[in-house]
Amino acid sequence: MSKPSIPQGTRDFNAEVVQKRQYIFQTIRSVFELYGFQPLETPAMENLDTLMGKYGEEGDKLIFKILNNGLDNPQKKDQIMEGYEKVLAGKNSTAITERALRYDLTIPFARYVAMNQGQLVFPFKRYQIQPVWRADRPQKGRYREFYQCDADIVGSESLINEVDLVAIYISAFEKLNLPVEIKINNRKILLALAQICGGEDKLIDLTIAIDKLDKIGWEKVKEELNNKGFNESQQSIVETYLNISGSNAEKLSKLAALLGNNEHGAKGIEELNYVLDYHKATGMQKHLVADFTLARGLNYYTGIIFEVKALDAQMGSIGGGGRYNDLTSLFGVPNIPGVGISFGVDRIYDVMEEKNLFPESINKAAQVLFFNLGVAEAKVAYAQMMQLRAKKIACEMYPEKSKFDKQFKYAEKKGIHNIVIIGADELSNACCNIKNLATGKQTTVQFQDLPNFQF
RNA sequence: GAGGGCGUAGCUCAGUAGGUUAGAGCGACAGUUUGUGGCACUGUAGGCCGUGGGUUCGAGACCCAUCGUUCUCCCCA
């Protein structure tokens, strides 16, 4: 038999890791709930058509598809062979695969809203914390199975929602003690830029190119623009656009000058100003950075977009989101605008681990270990232990009679801070000896006083 | 999808230029020590050197393939 293994890009989480991850989940969840969001869960798998075509060409390739059952059914052979031909040609076939693992939480949410629009109370605010799967090649900070924590609001165009989501980001990362900056931009501004530099249809080429700026530098971006058919004067507008610097207010006024009276540009700037202005009053403004190079890969965004970057850490974005004005129309229900954000828990974990930001207190080992010193002793000890458990003190008893040495080491390795010794001597005196492993201090306590002992 | 690094004991790794019976530290187990741990000392167990082929008198080492893993690019959280 070969050595056991798990699929590439997936992980097992041991007790310590689970507790740390739960700490992140719990922190984010509590903030979501504080802001009036309610939970939703959707299935791990969706129908393939629900997902295809929603994430761009690259995204489609990264969707994990599930092979249909019953492919060995001889009655369906012709259908299946025909489907296989389509697959070989790079197309999808429901004869071969009709389900896939979810790629993110936003599209399943849009699907849910479209299916349940009659029942939902709008504006509908939901949060969702579940794993997603991507058939990407794993590398640092990138896994094939990872969790997202999303909060979305649909059925409202108000920018107060954007304001609220920024506040969620900032307060959640403050609670986690993780310093971040929230980059903010607007797809309308990118659209305006595209209109000025050769037309709306260039929007995607343009955003892909400028998104690479901090990675490859202006010269390479210029080259890419050139290859995509942008002329010299258009390239120089883009260069001016990318070189805008200063405080948020300065950047926005310089941008306004560059975009002139372009309608989308003016709207985009106005929206950014609205959000920044609201957060002057909350004091959260200092975490917000207007960044016109921010583009985001997903093409369903239409308004303000966000991305969260951990400060002083070698890690890509640890969260992102934005406004999508018509996501449910993909499922035949038009005119439900929405805006949402996502936390990348696995990357947040990696950054917090690297920077040592987890509090000591999240280790949830039992507080007390009862020694097992024989049949009669264990029976009495067990009854005493149950009284402590009734007081919500986490306890366990060593399951077999073993040498002191061994039982001590067990407690030490599991991080249990107190041991209770009930041996023959204690038994005859109806008492026990409690030893604190950190201090080495030992106390003799009568059985009737044990439940009230302060560990 | 493209390219690089690494696979030796449970873990972290040595293993010189190809040469007898593949090593260390940590961990595990046992003992010194049958009711008071952490230290120390002694001992024991544990390896198809990722897998398959090839070169050679001889391969853990060299070559090819394959699988796994990790990193970079693309893209993304």
Side-chain angles (χ1 to χ4, degrees), chain A residues 2-11 24 28 55-63 90 102-106 129-150 180 204 207-209 211-212 215-216 220 224 294-299 306-310 313-321 340-351 369 371-374 377 398 401-428 432-444:
Chain A
S2 61
K3 282 188 181 173
S5 64
I6 55 175
Q8 196 180 27
T10 65
R11 296 153 296 163
I24 298 173
I28 295 170
Y55 307 107
E57 219 173 300
E58 287 293 330
D60 283 354
K61 284 191 219 158
L62 300 180
I63 293 171
R102 71 171 161 249
Y103 179 87
D104 73 353
L105 302 179
T106 306
I129 300 179
Q130 288 190 278
V132 302
W133 294 269
R134 295 188 187 176
D136 209 347
R137 182 158 301 194
Q139 49 183 278
K140 194 176 175 64
R142 181 181 300 189
Y143 308 99
R144 287 186 147 182
E145 178 184 65
F146 61 97
Y147 269 75
Q148 289 190 332
C149 301
D150 276 26
V180 296
I204 290 176
T207 55
I208 288 173
D211 196 32
K212 293 179 186 167
K215 256 185 196 164
I216 64 177
K220 296 265 183 182
E224 183 158 340
L294 174 63
R296 298 211 38 85
L298 299 172
N299 51 24
F306 311 104
E307 203 158 282
V308 185
K309 174 89 181 65
Q314 292 287 80
M315 181 61 81
S317 73
I318 55 175
I341 55 170
S342 179
F343 288 79
V345 172
D346 298 81
R347 285 189 177 178
I348 292 170
Y349 177 94
D350 288 347
V351 174
L369 176 72
F371 270 25
N372 186 330
L373 297 172
E377 291 89 340
Y398 200 80
K401 178 184 189 302
S402 295
K403 293 170 59 174
F404 267 56
D405 181 61
K406 198 160 180 172
Q407 303 198 40
F408 268 123
K409 280 187 174 155
Y410 178 78
E412 193 183 22
K413 279 182 190 156
K414 282 196 75 178
I416 298 172
H417 297 300
N418 299 283
I419 56 159
V420 173
I421 299 168
I422 299 174
D425 297 349
E426 288 84 357
L427 210 52
S428 56
C432 56
N433 272 305
I434 300 169
K435 182 164 182 171
N436 181 307
L437 289 186
T439 64
K441 198 180 146 201
Q442 193 158 313
T443 318
T444 305

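Chain identifiers are assigned alphabetically (A, B, ...) following the order of the sequence lines, protein sequences preceding nucleic acid strands; residue numbering begins at 1 within each chain.
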Participant: Could you tell me the Watson-Crick or G-U partner of B:C41, where both distances fall under 3.5 Å? Say none if there is no partner.
Facilitator: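 The answer is B:G31, by the H-bond criterion.
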
Participant: Mind checking if A:Glu426 touches a base, just sugar-phosphate, or nothing, with heavy atoms under 4.0 Å?
Facilitator: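 Base contact - A:Glu426 has a heavy atom under 4.0 Å of at least one base atom.
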
Participant: How far, in whole Å, is B:U69 from B:G27 if one measures between their P atoms?
Facilitator: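 One P to the other, the span is 29 Å.
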
Participant: Give me the distance, rounded to whole Å, that separates B:G15 from B:A24 when you measure between the P atoms they each carry.
Facilitator: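 Result for the P pair: 15 Å, nearest Å.
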
Participant: Scan every strand shown for a Watson-Crick or G-U wobble partner of B:C57, both distances under 3.5 Å, and answer none if you come up empty.
Facilitator: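 The answer is B:G19, by the H-bond criterion.
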
Participant: Output yes when at least one side-chain N/O atom of A:Gln8 is less than 4.0 Å from OP1 or OP2 of B:G68, else no.
Facilitator: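 Answer is no, no contact under 4.0 Å.
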
Participant: Produce the list of close N/O pairs, under 3.5 Å, pairing protein atoms with atoms of nucleotides 26-33 of chain B; give distances to one decimal.
Facilitator:
from	atom 1	to	atom 2	distance (Å)
B:A28	OP1	A:Lys413	NZ	2.2

Participant: Indicate, with a heavy-atom threshold strictly under 4.0 Å, whether A:Leu437 touches base, sugar-phosphate, or nothing.
Facilitator: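 Base contact.
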
Participant: Using the C1' atom as the point on both nucleotides, what is the distance between B:G52 and B:A59, in whole Å?
Facilitator: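 Comparing C1' positions in B:A59 and B:G52 gives a spacing of 15 Å.
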
Participant: Rounded off to whole Å, could you give me the CG-to-C1' distance for the A:Asn433 and B:G37 pair?
Facilitator: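 My rounded result for the distance is 15 Å.
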
Participant: Is A:Asp346 salt-bridged to A:Arg11, cutoff N-O under 4.0 Å?
Facilitator: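 A salt bridge links A:Asp346 with A:Arg11.
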
Participant: Tell me the interatomic distance from A:Asp350, atom CG, to B:A77, atom C1', rounded to whole angstroms.
Facilitator: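 My rounded result for the distance is 11 Å.
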
Participant: Can a salt bridge be assigned to the pair A:Asp136 and A:Arg144 using a cut-off of 4.0 Å between side-chain N and carboxylate O?
Facilitator: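 Salt bridge flag = no for A:Arg144 with A:Asp136.
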
Participant: Identify, between A:Phe146 and A:Pro7, the residue whose nearest nucleotide on RNA chain B lies closer to the 5' end.
Facilitator: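 Per heavy-atom nearest nucleotide, the more 5' residue is A:Pro7.
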
Participant: Is A:Ser317 touching bases, backbone alone, or none of the nucleic acid, heavy atoms closer than 4.0 Å?
Facilitator: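 The residue A:Ser317 makes sugar-phosphate contact but no base contact.
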
Participant: Rounding to a whole Å, what distance do you find between A:Arg134:CZ and B:A77:C1'?
Facilitator: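 Distance, rounded to whole Å: 6 Å.
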
Participant: Looking across every strand, which nucleic acid part, if any, lies under 4.0 Å from A:Gly59 by heavy atom: base, sugar-phosphate, or nothing?
Facilitator: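 Nothing, no nucleic acid heavy atom in range.
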
Participant: Is the closest side-chain donor-acceptor distance between A:Asn372 and A:Glu377 under 3.5 Å?
Facilitator: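 A:Asn372 vs A:Glu377: no donor-acceptor pair found between side chains.
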
Participant: Are A:Phe371 and A:Tyr398 an aromatic pair by the rule of ring centers under 6.0 Å?
Facilitator: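 Ring centroids of A:Phe371 and A:Tyr398 are no less than 6.0 Å from each other.
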
Participant: Which part of the nucleic acid, if any, lies within contact of A:Gly423, taking any heavy atom under 4.0 Å across all strands shown: a base, the sugar-phosphate backbone alone, or nothing?
Facilitator: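 Base contact - A:Gly423 has a heavy atom under 4.0 Å of at least one base atom.
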
Participant: Determine the Euclidean distance between corresponding P atoms of B:G68 and B:U51; express it in Å to zero decimal places.
Facilitator: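 Approximately 15 Å lies between the P atom of B:U51 and that of B:G68.
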
Participant: Would you say A:Asp150 and A:Thr106 are linked by a side-chain donor-acceptor pair, where the criterion is simply a distance under 3.5 Å?
Facilitator: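 Checked: A:Thr106/A:Asp150 side chains pair up, N/O donor to acceptor below 3.5 Å.
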
Participant: Tell me the interatomic distance from A:Tyr143, atom OH, to B:A77, atom P, rounded to whole angstroms.
Facilitator: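 It is 15 Å, rounded to the nearest whole Å.
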
Participant: Say you draw a straight line from CG of A:Asp425 to SG of A:Cys432; how long is it, rounded to the nearest 0.5 Å?
Facilitator: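 The distance works out to 13.0 Å.
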
Participant: If you look at every strand shown and take non-hydrogen atoms under 4.0 Å, does A:Ile421 touch a base, only sugar-phosphate, or nothing?
Facilitator: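 Counting heavy atoms under 4.0 Å across all strands, the contact made by A:Ile421 includes a base.
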
Participant: Within the structure shown, what part of the strands sits under 4.0 Å from A:Ala411 by heavy-atom distance: base, sugar-phosphate, or nothing?
Facilitator: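 Here A:Ala411 touches no strand at all.
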
Participant: Need one value for A:Asp405: base, sugar-phosphate or nothing, where a base atom within 4.0 Å counts as base even if backbone is also close, heavy atoms only.
Facilitator: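 Here A:Asp405 touches the backbone only, sparing every base.
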
Participant: Please determine, for B:U12, whether a Watson-Crick or G-U wobble partner exists with both distances under 3.5 Å, and give it or none.
Facilitator: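 In the structure as shown, B:U12 has B:A24 as its Watson-Crick or wobble partner.
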
Participant: Calculate the interatomic distance between A:Asp425 atom CG and B:U34 atom P; express it in whole Å.
Facilitator: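 After rounding, the gap between these two atoms is 17 Å.
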
Participant: Suppose we call a contact any N or O donor and acceptor under 3.5 Å apart; does that hold for the side chain of A:Arg142 and the base of B:C71?
Facilitator: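 Under the 3.5 Å cut-off, the side chain and the base do not form any donor-acceptor pair.
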
Participant: When the C1' atoms of B:U32 and B:U70 are considered, how many whole Å apart are they?
Facilitator: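 Rounded to whole Å, the distance is 45 Å.
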
Participant: Could you give the NE2-to-C1' distance, from A:His417 to B:G38, as a whole number of Å?
Facilitator: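 Whole-Å distance recorded here is 15 Å.
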
Participant: Using both distances under 3.5 Å as the test, list the Watson-Crick or G-U wobble partner of B:A65, or none.
Facilitator: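 With both distances under 3.5 Å, B:A65 matches B:U51.
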
Participant: Given the structure, check if the side chain of A:Glu58 and the base of B:G1 hold any donor-acceptor pair shorter than 3.5 Å.
Facilitator: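 By the distance-only test, no, there is no pair.
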
Participant: Using a distance-only test with no angle check, is there a side-chain donor-acceptor pair under 3.5 angstrom linking A:Asp350 and A:Tyr143?
Facilitator: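 The criterion, which ignores hydrogens and geometry beyond distance, is satisfied for A:Tyr143 and A:Asp350.
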
Participant: Just how far, in rounded Å, is P of B:U36 from CD1 of A:Ile422?
Facilitator: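 In whole Å, B:U36 P and A:Ile422 CD1 are 18 Å from each other.
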
Participant: Would you check if A:Phe408 stacks with the base of B:G38, given a 5.5 Å centroid limit and a 30° plane limit, both strict?
Facilitator: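 So no, this residue does not stack on that base, at least one cut-off failing.
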
Participant: Establish, with yes or no, whether the OP1 or OP2 oxygen of B:C71 is under 4.0 angstrom from a side-chain nitrogen or oxygen of A:Gln139.
Facilitator: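 A:Gln139 to B:C71 OP1/OP2: no side-chain N or O under 4.0 Å.
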
Participant: Sticking with atom P, work out how far B:A9 lies from B:G4, rounded to a whole angstrom.
Facilitator: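 Approximately 27 Å lies between the P atom of B:A9 and that of B:G4.
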
Participant: Within the side chain of A:Arg134, is there an N or O that forms a donor-acceptor pair under 3.5 Å with the backbone of A:Ile63?
Facilitator: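 Absent.
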
Participant: What is the distance, rounded to the nearest whole Å, between atom CG of A:Asn436 and atom C1' of B:U36?
Facilitator: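 Atom CG in A:Asn436 sits about 14 Å away from atom C1' in B:U36.
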
Participant: Can you tell me the pairing partner of B:G3 across any strand shown, Watson-Crick or G-U wobble, with both distances under 3.5 angstrom?
Facilitator: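 Across all strands, the one nucleotide that pairs with B:G3 is B:C71.
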
Participant: To the closest 0.5 Å, what do you measure between CD1 (A:Ile419) and CD1 (A:Ile434)?
Facilitator: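 Taking CD1 in A:Ile419 and CD1 in A:Ile434, the distance rounds to 10.0 Å.
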
Participant: I'd like the C1' distance from B:G46 over to B:C11, given in whole Å.
Facilitator: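 One C1' to the other, the span is 13 Å.
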
Participant: Would you measure the distance from the P atom in B:A14 across to the matching atom in B:C6 and give it in whole Å?
Facilitator: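 Rounded to whole Å, the distance is 11 Å.
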
Participant: What's the spacing between A:Asn433 CG and A:Gln442 CD if we round to 0.5 Å?
Facilitator: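 With rounding to 0.5 Å, CG (A:Asn433) is 4.5 Å from CD (A:Gln442).
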
